[in-house]
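Scroll down for the structure; my scribbles are underneath it.
As the structure is a computational prediction, the values presented were derived from the model and not from experiment. Atoms within each ligand, like the ligands themselves, are counted from 1 in listed order.
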Amino acid sequence: MKKFLSLVLAIAMVMACACFAGCGSKSMTVEEGKLIMVTNAEFPPYEYKEGDSIVGIDAEVAALIAEKLGLELEIADVAFDSIIPGVQSGKYDMGMAGMTVSAERQKKVNFSDSYATGVQVVIVNEGSDIQTIDDLEGKKIGAQQGTTGYIYASKSPENGGYGEENVIGYDSGAVAVEALKGGKVDCVIIDNEPAKAYVKANPGLKILSTEFAVENYAICFAKDNTELQEKVNAALKELIDDGSVKKVIDKYITAE
Ligand code: ARG
């Protein structure tokens, strides 16, 4: 019995050491056969809810990646602001949310290769006196909290923004658009594809033809999880090369 116990103890110790050495570079969930992707499902057509399920470009591309890696995809839905902290802490394996690669974010997380591009645009009410982005000075601007649209707009005028005091952050693009319709803000700065989706769903709105900032979307990972980052990059490359990613994007974004 004593012998058996010490054997169990020895095995446990070996396992603990193995985990100790491996932990940090690998995630437990991936070892258990799961890939947990975190998003903010308030961003059509990249991610949005259809009944209880989360659909969209990111959800489908993530499913293809998981399939290639032989993992079962699980999607978590949180506030956009909580995605990077959740990935940093290892609670989630990767963040995929039409997320723009930026130098600021690169200090906190690593990014995959880019799989899509976005453009920041301005939505206004039809008949608005805002004709171009040069008319935004002194106006009230709405944006989704934590997004690049919010970040650009709230910079000081010397830095190309409109001043934090002029920007109101909302939980989602949809809520920002409601505020625009209700006259609480004069415009909304958001990525072009969700902008098109919101304008289509809400008569009386339009998108200005002047755009600012073309951005690259990529998947983010914890700094110490380069192993998953590399695997996902390899899968993503295959899916881009064989046209699978384009097929998913074309399913949701019809060229007009
Ligand atoms: N591309 C913008 C950014 O990275 C907006 C992304 C918002 N995504 C979302 N799922 N709500 O800041």
Side-chain angles (χ1 to χ4, degrees), residues 36-50 53-63 65 73-88 92-123 133 141-155 159-162 164 167-180 187-199 201 207 211-221 248-249 252-253:
I36 308 182
M37 166 232 192
V38 63
T39 194
N40 166 248
E42 302 274 2
F43 199 68
Y46 284 89
E47 45 265 332
Y48 56 100
K49 275 164 244 148
E50 219 168 63
S53 47
I54 294 169
V55 298
I57 295 169
D58 289 343
E60 289 202 22
V61 172
I65 291 171
L73 179 69
E74 221 174 86
I75 302 181
D77 182 23
V78 303
F80 186 73
D81 266 357
S82 306
I83 295 175
I84 288 183
V87 167
Q88 278 181 298
Y92 311 109
D93 299 311
M94 63 183 208
M96 194 170 184
M99 187 180 279
T100 303
V101 179
S102 76
E104 213 39 55
R105 288 175 181 162
Q106 273 168 328
K107 289 181 194 155
K108 299 178 185 158
V109 286
N110 287 342
F111 281 98
S112 70
D113 297 330
S114 177
Y115 62 92
T117 54
V119 186
Q120 294 299 312
V121 298
V122 182
I123 310 177
I133 53 173
I141 300 167
Q144 185 181 14
Q145 194 73 47
T147 59
T148 47
Y150 180 91
I151 295 165
Y152 295 141
S154 50
K155 283 190 177 154
N159 291 310
Y162 302 96
E164 188 145 26
V167 188
I168 304 178
Y170 293 95
D171 284 346
S172 69
V175 181
V177 165
E178 281 311 311
L180 172 64
C187 67
V188 168
I189 301 184
I190 191 168
D191 306 48
N192 57 336
E193 288 304 331
K196 280 194 233 160
Y198 289 131
V199 168
I207 300 171
E211 316 175 316
F212 55 101
V214 177
E215 308 180 324
N216 289 315
Y217 293 167
I219 306 167
C220 68
F221 306 90
V248 173
I249 293 178
Y252 286 92
I253 301 175

For Phe111 versus Ala218, what's the shortest heavy-atom pair and its separation?
CD2-CB, 3.8 Å

Please check whether Gly98 reaches ligand 1 - meaning an N/O of the residue sits under 3.5 Å from an N/O of the ligand, judged on distance alone.
yes

Counting from 1, what ligand 1 atoms have a heavy atom of Thr147 closer than 4.0 Å?
5 (C), 7 (C), 12 (O)

Hey, is ligand 1 close enough to Gln144 that some N/O pair sits below 3.5 Å?
yes

Just which atoms of ligand 1 are under 4.0 Å from any heavy atom in Asp191?
1 (N), 2 (C), 5 (C)

Do we see a donor-acceptor contact under 3.5 Å between the side chains of Tyr252 and Glu193?
no

Selection from Asp77, Asn216, Ile190, Asn40 by shortest heavy-atom distance to atom 10 (N) of ligand 1
Asn40

Whether Tyr217 lies under 4.0 Å from ligand 1, heavy atom:
yes

Centroid-centroid distance, Phe43 to Phe80, less than 6.0 Å:
no

When only distance counts, is Arg105 in polar contact with ligand 1, meaning an N/O pair under 3.5 Å?
yes

Within the distance-only criterion (no hydrogens, no angle test), does the side chain of Asn216 pair as donor or acceptor with the backbone N or O of Val101 below 3.5 angstrom?
no

Let me see the working for Glu47 and Asn40 under side-chain contact (heavy atoms from CB on, under 4.5 Å), right down to the final yes or no.
CA-CA 7 Å; Glu47 45 265 332; Asn40 166 248; 5.8 Å; no

Atom 12 (O) of ligand 1: closest protein heavy atom, distance to 0.1 Å, is Thr148 N, 2.7 Å

Starting from atom 8 (N) of ligand 1, which protein heavy atom do you reach first, and at what distance in Å?
Ala97 O, 2.8 Å

In terms of atom number and element, which parts of ligand 1 are under 4.0 angstrom from non-hydrogen atoms of Phe80?
3 (C), 4 (O), 6 (C), 7 (C), 8 (N), 9 (C), 11 (N), 12 (O)

Would you say Asp171 has more than 12 foreign heavy atoms packed within less than 6.0 Å of its CG?
no

For the residue pair Tyr115 and Tyr217, categorise the inter-ring angle as parallel (less than 30°), tilted (30 to 60°) or perpendicular (more than 60°).
tilted

